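Contents: one structure, followed by commentary.
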Amino acid sequence: MSTTTDLRPRMARSGSRAPRRARRAERAERPEGVACMEISAGRPARGRPLLRRLVKGVVLLAGLCVLAVLAGFLAFLTQIAAREPVQVKAADAIVVLTGGASRIADGVTLLAEGRGRRLLITGVNPITTPGELRRTLPNGETLISCCVDLGHKALNTRGNAIEAAEWTRSQNFRSLVVVTSAWHMPRALVELKHSLPDVELVAYPVVTSRMETERWWRDPATVKLLFKEYLKYMMAKAQIRPAQAVAEVEAPRLRASAEARRAP
């Protein structure tokens, strides 16, 4: 009896070992790739939480950048005048940045009203002459002949500022009335302040027809124009200027005028 009793536990233990041995043999017979796939399937991937956090961080950063751009664009829009000023403070001279016919007409009108002693039109096409300008503005023929200078060197807004600075220093002016479109005025003032930090600038924004509409934001073309101008304005603030600012040839009309003023 004692012998039978002692053998049963051993048989039970040996019986429990048999399935384990069978499973081990079955695993050994399987290819290594299948075994690795089963092990990895049973464990959570360690890299996935890190990847999710990285994607969330990138999306959050992109969203913040978009919000910052939109906030800056809205702040830029508040700098654009909705109406032209009724009264303008008089200055030593007037500078008109070309880009629209109404800018030149308004500049000549300000000169006739005595808002400045002399007028510079900067960024004029090199083939444009004073005679052609007189034909477009017959009422200001006398003023154009005596008191208006044409600058032909400027290729962009930065060039306008450089050309205006050279002209202002040659004439010893200490204050300027700046005439340009309302949406262009913020960038023009930034560039002029960089070139003329010691000169007082009086803004005269010209409000074009597309900006006079009360609901201009419904016009995709106007919104696109303003957003592009906002990007250029930010580049001007950061002094990022990839394009050439002035032409290589000095404007003969501007040089001749400066020399005539210095002559005894």
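Count residues from 1 along the sequence. Here the structure is a predicted model, which means the values were calculated and not measured.
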Taking side-chain contact (heavy atoms from CB on, under 4.5 Å) as the test, write out the residues that go with [X], two or more places apart.
X: R218; answer: R215
X: P220; answer: none
X: V246; answer: K153, I162

Query raised in the report: How far apart are the closest heavy atoms of A203 and M185, and which atoms are they?
Result: CB-SD, 3.9 Å
Query raised in the report: Can you list the residues that meet the ring-ring contact (aromatic ring centres under 6.0 Å, His included) rule with Y204, with sequence neighbours excluded?
Result: none
Query raised in the report: Is there a donor-acceptor contact under 3.5 Å linking the side chains of T109 and R115?
Result: no
Identify every side-chain donor-acceptor pair in residues 92-100 under 3.5 Å, counting partners at least two apart or on other chains, and give the distances.
{"unit_1": "D92", "atom_1": "OD2", "unit_2": "R174", "atom_2": "N", "d": "2.7"}
{"unit_1": "D92", "atom_1": "OD2", "unit_2": "S175", "atom_2": "N", "d": "3.4"}
{"unit_1": "T98", "atom_1": "OG1", "unit_2": "T122", "atom_2": "O", "d": "3.1"}
{"unit_1": "T98", "atom_1": "OG1", "unit_2": "G123", "atom_2": "O", "d": "2.9"}

Answer yes or no: is there a side-chain heavy-atom contact under 4.5 Å between [X] and [Y]?
X: E191; Y: R241; result: yes
X: I121; Y: I104; result: yes
X: T78; Y: L74; result: no
X: V190; Y: Y233; result: yes
X: Y230; Y: V69; result: yes

Query raised in the report: Among all residues two or more places apart in sequence or in another chain, which pass the salt bridge (Lys or Arg N to Asp or Glu O under 4.0 Å) test with K89?
Result: E200
